[in-house]
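Below you'll find the structure, written out as structure tokens, and then a few comments.
What you see is a predicted model; the values in this text were computed from it and never measured. Below, read A as the first sequence line, B as the second, and so on, with proteins coming before strands; counting in each chain starts at 1. These values consider heavy atoms only, across backbone and side chains, with no hydrogens, waters or symmetry-generated copies.
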Amino acid sequence: ETGVTQSPTHLIKTRGQQVTLRCSSQSGHNTVSWYQQALGQGPQFIFQYYREEENGRGNFPPRFSGLQFPNYSSELNVNALELDDSALYLCASSELATDTQYFGPGTRLTVL
Amino acid sequence: QQQVKQSPQSLIVQKGGISIINCAYENTAFDYFPWYQQFPGKGPALLIAIRPDVSEKKEGRFTISFNKSAKQFSLHIMDSQPGDSATYFCAAANTNAGKSTFGDGTTLTVKP
């Protein structure tokens, strides 16, 4: 059984650019949630996907968007990057939308 | 809006001592309360979780105490070890809405 994996590990972008982050969920899991973790803070919920449909969304603007694919892997897309988007982006998967979440190691995004 | 308040921000405990971290929440729709442990450069890992129909849950050295009327819950780490030194996050989830809210974290240092 493989755990949650994320790519890339690190990423540097400039303000105004667009970025795509990827997540492979743990085997057998059909739900993926994305979080943004700023330095020294707790993870902030961005959104959750359950069986390819958005199942919940936090207080993030529409330039944060996502996809979940038939194999339950997922992408987080961020358009028009801002300096404050610099953070660790975490993906978590679970068997059901209500079940225990298992986190990946995260993608460190730096916006210059 | 800070929906989950965590304290203390940092904690120093001697080896063998008890570490206690507290959290308070506001939203009565929360129905799942997990605690996570995070080491530098890693994603959060689930330690223990509780649902509001029980007042206490124990797993090894880790215990959650839950007070539904006060809307508070706490993590107790018995016989704290240097390897427990990490950042701990409480969280509260509204599983029907697919939303999770994290506290700001507690940095625990266990001195040998």
- Message: Rounded at 0.5 Å granularity, tell me how far CD in B/Gln3 sits from NZ in B/Lys99.
- Response: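 Separation between the atoms: 8.5 Å.
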
- To the nearest 0.5 Å, tell me how far B/Trp35 CH2 sits from B/Ile64 CD1.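 One gets 7.5 Å once the value is rounded to the nearest 0.5 Å.
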
- Of the listed residues (B/Thr87, B/Thr107, B/Leu46), which shares the most heavy-atom pairs with chain A below a 4.5 Å separation?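 The option with the most such pairs is B/Leu46.
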
- Would A/Glu53 and A/Arg51 satisfy salt bridge (Lys or Arg N to Asp or Glu O under 4.0 Å), going step by step from the backbone distance to the final call? CA-CA 6 Å; A/Glu53 298 285 333; A/Arg51 292 186 174 178; over 6 Å; no

Would you indicate whether the side-chain heavy atoms of [Y] and [X] approach each other to under 4.5 Å?
| X | Y | result |
| --- | --- | --- |
| A/Val32 | A/Tyr50 | no |
| A/Val111 | A/Leu109 | yes |
| B/Phe89 | B/Asp104 | no |
| B/Val13 | B/Ser80 | yes |

- Query: So which bits of residues 33-41 of chain A come within less than 4.5 Å of chain B, counting non-hydrogen atoms only?
  - Reply: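 Residues in range: A/Tyr35, A/Gln37, A/Gly40, A/Gln41.
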
- Task: Give me the contact list for residues 57-86 of chain A versus chain B, heavy atoms only, anything under 4.5 Å, ordered by residue number.
- Result: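 Residues A/Arg57 are the ones that qualify, each having a heavy atom under 4.5 Å from chain B.
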
- Message: If we count only N and O atoms by modelled type, under 3.5 Å, do the side chains of B/Ser74 and B/Gln72 hold a donor and an acceptor together?
- Response: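 Short answer, no.
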
- Can you name the one residue among A/Gln48, A/Gln101, A/Glu95 that meets side chain to side chain contact (heavy atoms under 4.5 Å, CB included) with A/Thr31?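 Only one option passes, and that is A/Gln48.
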
- Task: Please say which of A/Ser93, A/Ser24, A/Ser27 ends up in a side chain to side chain contact (heavy atoms under 4.5 Å, CB included) with A/Val4.
- Result: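 Passing option: A/Ser93.
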
Can you say whether [X] sits under 4.5 Å from chain A via the side chain, the backbone, both, or neither, judging by heavy atoms?
| X | answer |
| --- | --- |
| B/Lys42 | backbone |
| B/Pro44 | both |
| B/Gln38 | side chain |

- Task: Would you mind telling me which of A/Pro43, A/Pro105, A/Cys91 has the largest number of heavy-atom pairs within less than 4.5 Å of chain B?
- Result: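 Of the options given, most contacts go to A/Pro43.
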
- May I have the step-by-step check of salt bridge (Lys or Arg N to Asp or Glu O under 4.0 Å) for B/Asp79 and B/Lys15, ending in yes or no? CA-CA 7 Å; B/Asp79 187 26; B/Lys15 179 182 175 181; over 6 Å; no

- Take B/Tyr88 and B/Leu75 through the test side-chain contact (heavy atoms from CB on, under 4.5 Å) and record every step on the way to the result. CA-CA 9 Å; B/Tyr88 292 80; B/Leu75 174 69; 4.0 Å; yes

